[in-house]
Asks: 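Have a look at this one before I ask anything.
Just so it is clear, the values below take in all heavy atoms, side chains as well, and ignore hydrogens, waters and symmetry mates.
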Amino acid sequence: MTTKIKHTLNQDEWERICRRCGRCCLLKLQDEETDEIYYTNVICRYYDIEHQLCTVYDRRCSLVPACLKLTPQNVDKLPWMPKVCAYRQLFDKDYKAKELKTLAGRVVSEALVKDKDLENHIVDWDDV
């Protein structure tokens with residue numbers, strides 16, 4: 001990401017880059033030995049799949065300690081960022097924008113899944 005972009009976007013411009021796809025809200029597992037990231041089809045309990053938005057957006061980081069606020073300073077340093085994330089276009093010269101398939105019908109709320117069952121929900125989708 002260029003320094004110019006980091007310093008010229010205001011908060012509203014930054015937020016408008018997001019396509020609200022929910023992929024960053026998918027629960028992920030990380031292999032402790034290899035650090036490999038595995039996506040699951042389990043989505044944060046606060047993500048409204050029908051309206052494609054976080055229902056507690058302004059309080060998300062306090063309600064979900066693992067939720068991280070994406071900023072121009074950190075977005076390119078996060079190993080779990082979905083490869084289809086629109087923010088990636090700002091720093092990844094190989095980024096290819098894709099038409100995204102909806103997550104509707106492909107995900108389940110974390111409220112319905114026990115933590116110990118997350119491994120049973122690992123997916124290998126080409127659009128995460």
Asks: Can you tell me if CG on D35 sees more than 12 non-hydrogen neighbours from other groups inside 6.0 Å?
Replies: yes

Asks: Can you tell me how far the CG atom of N120 sits from the CG atom of D117, to the nearest 0.5 Å?
Replies: 5.5 Å

Asks: Does a sphere of radius 6.0 Å around CD in E13 hold more than 12 heavy atoms from other residues, nucleotides or ligands, not counting ones at 6.0 Å or beyond?
Replies: yes

Asks: Under 3.5 Å, is there a donor-acceptor pair between the side chain of Q89 and the main chain of A86?
Replies: yes

Asks: Under the criterion side chain to side chain donor-acceptor pair (under 3.5 Å), I'd like the reasoning laid out for E36 against Y38: C-alpha separation, chi angles, the key distance, then a yes or no.
Replies: CA-CA 7 Å; E36 187 169 355; Y38 296 94; 3.2 Å; yes

Asks: With a 4.5 Å cut-off on side-chain heavy-atom distances among I, L, V, M, F, W and Y, is there a chain of contacts connecting I37 to L27?
Replies: no

Asks: Just checking Y39 against W80, ring centres under 6.0 Å apart?
Replies: no

Asks: Within the 4.5 Å heavy-atom criterion, are V84 and R19 side-chain neighbours or not?
Replies: yes

Asks: Membership question, hydrophobic clusters at under 4.5 Å side-chain separation (ILVMFWY): are I122 and L103 in the same one?
Replies: no

Asks: Only pairs under 3.5 Å count here: list side-chain donor-acceptor contacts from residues 58-67, not counting sequence neighbours, and write none if there are none.
Replies:
from: R60; atom 1: NH1; to: Y57; atom 2: O; distance (Å): 2.6
from: S62; atom 1: OG; to: R59; atom 2: O; distance (Å): 2.9

Asks: Any chance CD of E32 has more than 12 other-residue heavy atoms, nucleotides or ligands included, within less than 6.0 Å?
Replies: no

Asks: How long is the straight-line distance from CG of L78 back to SG of C24, given to the nearest 0.5 Å?
Replies: 10.0 Å

Asks: Would you confirm whether K28, through its side chain, and L26, through its main-chain N or O, come within 3.5 Å as a donor-acceptor pair?
Replies: yes

Asks: Between CD1 of I17 and CG of D12, what distance do you get to the nearest 0.5 Å?
Replies: 11.5 Å

Asks: Contact between L53 and Y46 at the side-chain level, heavy atoms closer than 4.5 Å - yes or no?
Replies: no

Asks: Checking R106 side chain against T102 main chain: does a donor-acceptor pair fall under 3.5 Å?
Replies: yes

Asks: Output yes when a side-chain donor or acceptor of T71 lies under 3.5 Å from a complementary backbone atom of N74, and no otherwise.
Replies: yes

Asks: Can you give me the closest heavy-atom contact between Q73 and K77, atom names plus distance?
Replies: O-NZ, 3.1 Å

Asks: Are V113 and W125 connected in a single hydrophobic cluster, I mean Ile/Leu/Val/Met/Phe/Trp/Tyr linked by side-chain heavy atoms less than 4.5 Å apart?
Replies: no

Asks: In terms of hydrophobic clusters joined by side-chain contacts under 4.5 Å, are Y47 and V128 together?
Replies: yes

Asks: Side-chain heavy atoms nearer than 4.5 Å, only ILVMFWY residues, links allowed to pass through others: does that put L112 and V56 together?
Replies: no

Asks: Please confirm whether the backbone N or O of W14 pairs with a side-chain atom of Y87, one donor and one acceptor, at under 3.5 Å?
Replies: yes

Asks: State the CE-CG distance between M81 and L68, to the nearest 0.5 angstrom.
Replies: 9.5 Å

Asks: With no hydrogens and no angle check, is any side-chain donor or acceptor of T40 less than 3.5 Å from a backbone partner on L118?
Replies: no

Asks: Do the side chain of E110 and the main chain of C44 share a donor and acceptor less than 3.5 angstrom apart?
Replies: no

Asks: Do you know which two heavy atoms are closest between P82 and R88, and how far apart they sit?
Replies: O-CD, 3.0 Å

Asks: Give a yes or no on whether a salt bridge exists between R20 and D48, defined as a side-chain N under 4.0 angstrom from a carboxylate O.
Replies: no

Asks: Mind checking side-chain contact (heavy atoms from CB on, under 4.5 Å) for C21 and listing every partner two or more places apart, or none if nothing turns up?
Replies: R23, L100

